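Taking it in order: structure first as structure tokens, then the write-up.
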Amino acid sequence: TFPHSPRWQKEDVTYRILNYTPDMLEADVDEAIAKALQLWSSVTPLKFIRIYSGQADIMISFAAGFHGDFYSFDGPGGTLAHAYAPSSGIGGDAHFDEDENWTKFTTYTGYNLFLVAAHELGHSLGLGHSNVFGALMYPIYMARDTRDYRLHQDDIDGIQALYGPPRESPVFPTRAFPPQKPTETIPAETPTEMPPWEEPTVMTPSKTPMRPEDCDPHLTFDAITTLRGETLFFKGSYVWRKSPYFSGIEHDTISSFWPSLAAGFDAAYEVDKKDRVLFFKDDQYWAVSGYSIERSFPKPIQDLGFPPSVRKIDAAVHDQNTKKTYLFVGNKYWSFNENTQSMERGYPRKIAADFHGIGHTVDAAFQKNGHFYFFHGSKQYEVDIKNKKLIRTKKSNSWFNC
Amino acid sequence: FPVVPEKEKEDMEFAKKYLENFYDFKEEKHSLFRSKNPNHMSDKIREMQSFFGLEVTGELNHKTLDMMKQPRCGIPDIRSYS
């Protein structure tokens, strides 16, 4: 929070959108702001009432360069927006740098207004910055998939420290709401037309198994992939993230990167030249580019050329040199040509026939520094990509400096 | 690769501005009171590195500068916001 933890001393907070950016439809700006506010109203007793004239608690505007306060904007990039802690006058107001390209979707050429607004409105309600990577109140913009976007637990802890939990604490996911009519309040309670209750496997932490210890000798992995130079190890909803830039291992959850993807991948691989990672779960697969999930996914794995009898795959690994991707199912594997986007003839073949020393199923696989790494249970097998010869075996979690 | 000298100067100015904006760094030559600690700026760099979980060296290294150049919110990261 800010010094002395300023907060609104009431539950009905008004907001007003003073002007618009030409980058987006006005209705899309309205929706982005309302959706951002709903993030906070869904975890607190707060209600946000939009007014169209006069002084609101939170005045929202777009401006470029010097715009009348002590914090002039700096042109494209750099500072994207700022907002003031709760108090009278400028307190609570949120300003967005008009020199940025504001977008409704998560793109690489612009900044998602919903994400930035949600962060700035956190300030408008009294939250300071958080150094928890992945938290909404982390000061650096991170492009994310905003479908089914949920607050990080750190954000929820912060805002509830100021305002407490919602009156009726919803225990199931809130649905992205439709645009509101003027002067209609945004209810903190959940709309009645919610789907019949289903127990979410991810939403209630008490149901999620604990993350295994890094150096647990029995640690196994569902899937492993590289991603822009990093290596991500998946198990259930958890991700172990190894970066060449940081010495430690970072622990995240799949939902903190891709909120709309279910936990428990079967396989994953990166086609680095296309900045694309494919995730497989059961008979479907998704393509992501960074945080963005490509449209028209998920797709059935049969689209890749598997016969109908294959209902899921065990592991996948892409060979950057030959542009072929090996997909493992049971004791066999297929070879998919990324250039022609088609399965190679003559497959499936027996894994053991081509990869000496690998006489069992493969749980997960990735490639690095000219080697394939095949994981089976708590063991991994380092294989020379060129001659497919086994070099040595190691513990599955040897990458975690155990 | 080693950085070109004028680029270094530019980077240093950028870093100073960043630390002024977000870490309450005040450049010595303007303040009436000399700070007891001659390494004032590297203290602020350390604070910023610690906040972002970077290796805390107090030096304006490549990774620190990279982090400073990320698009971000204009509110300072440490408490002395007024």
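Reminder, nothing fancy here: chain letters follow the sequence lines and each chain counts from 1. Keep in mind that this is a model prediction, so the values were computed, not measured. Atoms considered below: every heavy atom in the structure, side chains included; atoms not considered: hydrogens, waters and symmetry mates.
For B:Gln70, the CD atom sits in a packed shell: over 12 heavy atoms of surrounding residues, nucleotides or ligands are nearer than 6.0 Å. Applying the 6.0 Å contact sphere to NE2 of B:His62 captures no more than 12 heavy atoms from other residues, nucleotides or ligands.
Listed by chain and residue number, A:Ser130, A:Val132, A:His152, A:Asp154, A:Asp155 satisfy the side chain to side chain contact (heavy atoms under 4.5 Å, CB included) test with A:Ala135 (two or more places apart in sequence, or in another chain). Remark: A:Trp8 pairs with no residue by the ring pair (Phe, Tyr, Trp, His ring centres under 6.0 Å) rule, at least two apart or across chains. In this structure, the ring pair (Phe, Tyr, Trp, His ring centres under 6.0 Å) partners of A:Tyr138, at least two apart in sequence or on a different chain, are A:Phe133, B:Phe52.
The residue among A:His123, A:His129, A:Glu100 with the most heavy atom pairs within less than 4.5 Å of chain B is A:His129.
Heavy-atom minimum distance, B:Pro71 versus A:Leu80: CB-CD2, 3.8 Å. The minimum heavy-atom distance between A:Asn131 and B:Phe51, with the atom names listed, is CB-O, 3.0 Å. Across all their heavy atoms, A:Thr79 and B:Gly74 have their closest contact at CG2-CA, 3.3 Å.
Proximity of B:Ile75 to A:Tyr84: side-chain heavy atoms (C-beta onward) are nowhere separated by under 4.5 Å.
For chain B, no part of A:Phe73 is nearby; none of its heavy atoms comes within less than 4.5 Å.
Within residues 113-121 of chain A, the residues having any heavy atom closer than 4.5 Å to a heavy atom of chain B are A:His119, A:Glu120, listed by residue number.
One distance of note links CD1 of A:Ile140 with CE of B:Met68; it measures 10.0 Å at 0.5 Å rounding.
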